[in-house]
Amino acid sequence: MNMKYPKEYLNEIKLRLKVSQVVGKTVQLKKRGKEFIGLSPFKNEKSPSFTVNDEKEFYHCFSSGEHGNIFDFLMKTKSIGFGEAVKILAADAGMQPYRFSNFDKQKDLRFQNYKKIYKEYSDFFHKELFNPNNKSALEYLNSRGVNKKIIEEFNLGYVPWKNSFYENLLMNFSEENINLTGLYYKSDKTGKYVDRFNSRIIFPINNIIGEPIAFGGRIIKESKLAKYINSPETEFYKKGSIIFNLDKAKDSRSDTNEVIIVEGYMDVVSVYSSGVKNIIANSGTALTERQINIIWKFFTNPILCLDGDQSGQKAAMRIAEKLFPLITDENKIFFSIMPEGLDPDDFIKSKGKDKFNLFLKEKKIIQSYIWDYYLKKVNLRNPFEISKFEKEIKKLSYSIKDETLKKYVLEDYLSKIKQLTPIQSSNKNTKYFQKYRPKNIQILDETKNLHNKKNSLSKIQIKEFSILFIMLNYLDIAMKKISELNEITLSSEKNESLKKLILSHSVEEHRSGAVRPKIDNEYKELISKINEYSSIQIILKSKKDENILELLTELIDELKELNYQQKIESLEKELINNLDESSYSELIKLKTQINRE
């Protein structure tokens, strides 16, 4: 028996698979504008005449005249039947094979009845919106800037109090079928069925092909009832899999790869009525993984546009953290958070479409939005808070599933984190961490007089001179860091030689007075230069031993960081002409080492 696959099952396969994705396994395709081109799989040719259009969901071969969808392509190129093509593509789409059991037949019959009931309900109460008895509902929509054309395009409706449409439905459908829709519930007091959307304007929630399968409802009078309600989940309506207005918005994909995601149905209708057609809303739930994957089938750059109040920002961050692992180099997510006190509907009304579009241009890509959100909560003078911040940011980076993108996002974050840590210079260190240092350690005004003299020296040389000055004049303290001093290698041969000579003798030998004359004699010129250019000598006046030791530790750490940076710059120059995975890994490892130390 030739069984017929449900239209919804076939549509789901087409929704999950692009034509170029299926055809690309057989034909080498090249992007050309909004289409792909390639050599015909149906005819030998030297110039490509075969085109694929993902937006219109078909392929066309100009040389042979062949034309069709993904099912046709498999049937014609593999010489298989329709049923076999469906099985192959369903597997590619990650779907279970369709089994034509009696249960499936009954389910399909229930779905057909379900859709018919929703269509009749939607059409009936759309007409009720224009009933003079319900003028308050129409006036409300008009006051929100929604005109008759938009009302008809969205098939908006109004459900009057104590209407009798349930009895109308009973004339054509069983009580069981009606109850499966979730449109009615039984009253505990009367035992009668009550319309769930009584006294509400209704917004039909359509599937991807424009058929109503649920509703959102808004109360229009002051009431203790919830302002907005949604259809309950049913056998055929799952909130986490449906996007409000995607059936209309997807027609904009030929003009833009962006789509605006807002929170409320009214926001969608208002923004849409202003002329911005690429607008959708999540259906009564936080944006889910399933929803974002559906959106990415049509728009690669969705923009989440939520209210600017605290709850709106928290909701946006929850979504960002949940969806961050899913981003790829092609599929991104952006954020445009409304000014506090405004939602997209208010913004459009008060500032207009052009200002709204300008506002959206200031959108932030997801990784920048996450960074800025977390950074605002960090006290940059508190190293413990920065440490916690770094761990959270790294943890989020590691969650990205795309391994290549993960590497570059982490690299970007590490670069930013480095700017927050006290390893760049003593000036930055003092700026960010002065709260946690002895307050008497500061660069005195006298050091400014040395500024011009030091211009000829590199940062590394200045750090090395400062370390050598401490070793020459505060040897007892320097010897407490003997292992760290042995680990570093100074940049010039003379500097390194002086360091080794000092460390090669014990403290007792230095105290005896036998070593210093030798050092002064062999390194007279270098010591003179150290004394002249080391502003550290002014800083150390009247300082306690523990302060001097702390400063020496900082100088050693800063010198290490500068040496690392020098290596990184050298490696980056080499990688410009010869970028490979192992070299890049070495670079990342080196930069990570900087932040860890």
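None of the values given here were measured: they were computed from a predicted structure.
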Applying salt bridge (charged side-chain N to carboxylate O under 4.0 Å, His left out), which residue pairs with at least one partner in [range] are found, sequence neighbours left out?
{"range": "residues 355-370", "value": "Glu258-Lys363, Lys364-Asp372"}
{"range": "residues 26-49", "value": "none"}
{"range": "residues 75-84", "value": "Glu66-Lys76"}
{"range": "residues 12-22", "value": "Glu12-Arg16, Glu12-Arg290"}

I'd like to check the side chain to side chain contact (heavy atoms under 4.5 Å, CB included) partners of [X]; sequence neighbours left out, ordered by chain and number.
{"X": "Leu180", "result": "Arg110, Asn177"}
{"X": "Asp412", "result": "Lys416"}
{"X": "Leu225", "result": "Arg200, Ile219, Ser223"}

Side-chain donor-acceptor pair present, [X], [Y], cut-off under 3.5 Å:
{"X": "Asp108", "Y": "Gln112", "result": "yes"}
{"X": "Asp195", "Y": "Tyr121", "result": "yes"}
{"X": "Tyr237", "Y": "Thr181", "result": "no"}

Interatomic distance, [X] atom [atom1] to [Y] atom [atom2] [nearest 0.5 angstrom]:
{"X": "Phe36", "Y": "Thr51", "atom1": "CZ", "atom2": "OG1", "result": "11.5 Å"}
{"X": "Tyr265", "Y": "Phe203", "atom1": "OH", "atom2": "CZ", "result": "9.0 Å"}
{"X": "Asp54", "Y": "Ser20", "atom1": "CG", "atom2": "OG", "result": "3.5 Å"}
{"X": "Lys394", "Y": "Tyr398", "atom1": "NZ", "atom2": "OH", "result": "5.5 Å"}
{"X": "Ile205", "Y": "Glu211", "atom1": "CD1", "atom2": "CD", "result": "14.5 Å"}
{"X": "Ile370", "Y": "Met317", "atom1": "CD1", "atom2": "CE", "result": "5.5 Å"}

Sorted by chain and number, sequence neighbours left out, ring pair (Phe, Tyr, Trp, His ring centres under 6.0 Å) with Phe130 holds for His126

[X] to [Y] - nearest heavy-atom pair and separation:
{"X": "Leu360", "Y": "Cys305", "value": "CD2-SG, 4.4 Å"}
{"X": "Asn278", "Y": "Ala249", "value": "CA-CB, 4.2 Å"}
{"X": "Asp72", "Y": "Gly68", "value": "OD2-CA, 3.3 Å"}
{"X": "Ser397", "Y": "Tyr413", "value": "OG-CD1, 2.9 Å"}
{"X": "Ser252", "Y": "Lys277", "value": "OG-CB, 3.6 Å"}

Query - Test of ring centre spacing under 6.0 Å for Tyr59 and Phe50 - result: yes

Query raised in the report: So, do His60 and Phe62 have ring centers that fall under 6.0 Å from each other?
Result: yes

Sequence neighbours excluded, the answer for salt bridge (charged side-chain N to carboxylate O under 4.0 Å, His left out) partners of Lys349 is Asp345

Lys25 meets the salt bridge (charged side-chain N to carboxylate O under 4.0 Å, His left out) criterion, sequence neighbours left out, with Asp92

Flag side-chain contact, heavy atom, 4.5 Å: [X] against [Y]:
{"X": "Ile178", "Y": "Leu183", "value": "no"}
{"X": "Ile220", "Y": "Tyr158", "value": "yes"}
{"X": "Asn134", "Y": "Glu128", "value": "yes"}
{"X": "Asp247", "Y": "Asn207", "value": "no"}

Exercise for the section: Tell me, please, whether Phe347 has Lys351 positioned over its six-membered ring: NZ or CZ under 6.0 Å from the ring centre and within 45 degrees of its axis? Expected result: yes

Here the side-chain hydrogen bond (donor to acceptor under 3.5 Å, both in side chains) pairs for residues 314-330, sequence neighbours left out, are Glu321-Tyr374

**Request:** If the plane angle is over 60° it's perpendicular, under 30° parallel, otherwise tilted; pick one for Phe197 and Phe215.
**Result:** perpendicular

Check your understanding: In terms of side-chain geometry, is the basic nitrogen of Lys239 or Glu233 positioned less than 4.0 Å from the acidic oxygen of its partner?
Key -> no

Item to complete: State plainly whether the residues Lys406 and Glu403 are in salt-bridge range, i.e. N to O under 4.0 Å.
Response: yes

Heavy-atom count check: over 12 atoms from other residues, nucleotides or ligands less than 6.0 Å from Lys119 NZ? no

Residue Lys297 excluded, over 12 heavy atoms near NZ under 6.0 Å: yes

Step by step, work out the side-chain contact (heavy atoms from CB on, under 4.5 Å) result for Ile279 and Val262.
CA-CA 7 Å; Ile279 180 91; Val262 294; 3.6 Å; yes

Under the side-chain contact (heavy atoms from CB on, under 4.5 Å) rule, what do Ile295 and Leu287 come out as? Steps first, then yes or no, please.
CA-CA 11 Å; Ile295 292 167; Leu287 196 65; 4.2 Å; yes

Throw together a table of side-chain donor-acceptor distances under 3.5 angstrom for residues 150-157, partners on residues two or more places apart or in other chains.
unit_1	atom_1	unit_2	atom_2	d
Glu153	OE2	Tyr272	OH	2.4
Asn155	ND2	Ser122	OG	2.8
Asn155	ND2	Asp123	OD1	3.3

Applying side-chain contact (heavy atoms from CB on, under 4.5 Å), run through Arg218 and Tyr140 and close with a yes or a no. CA-CA 11 Å; Arg218 193 204 193 280; Tyr140 171 80; 2.9 Å; yes

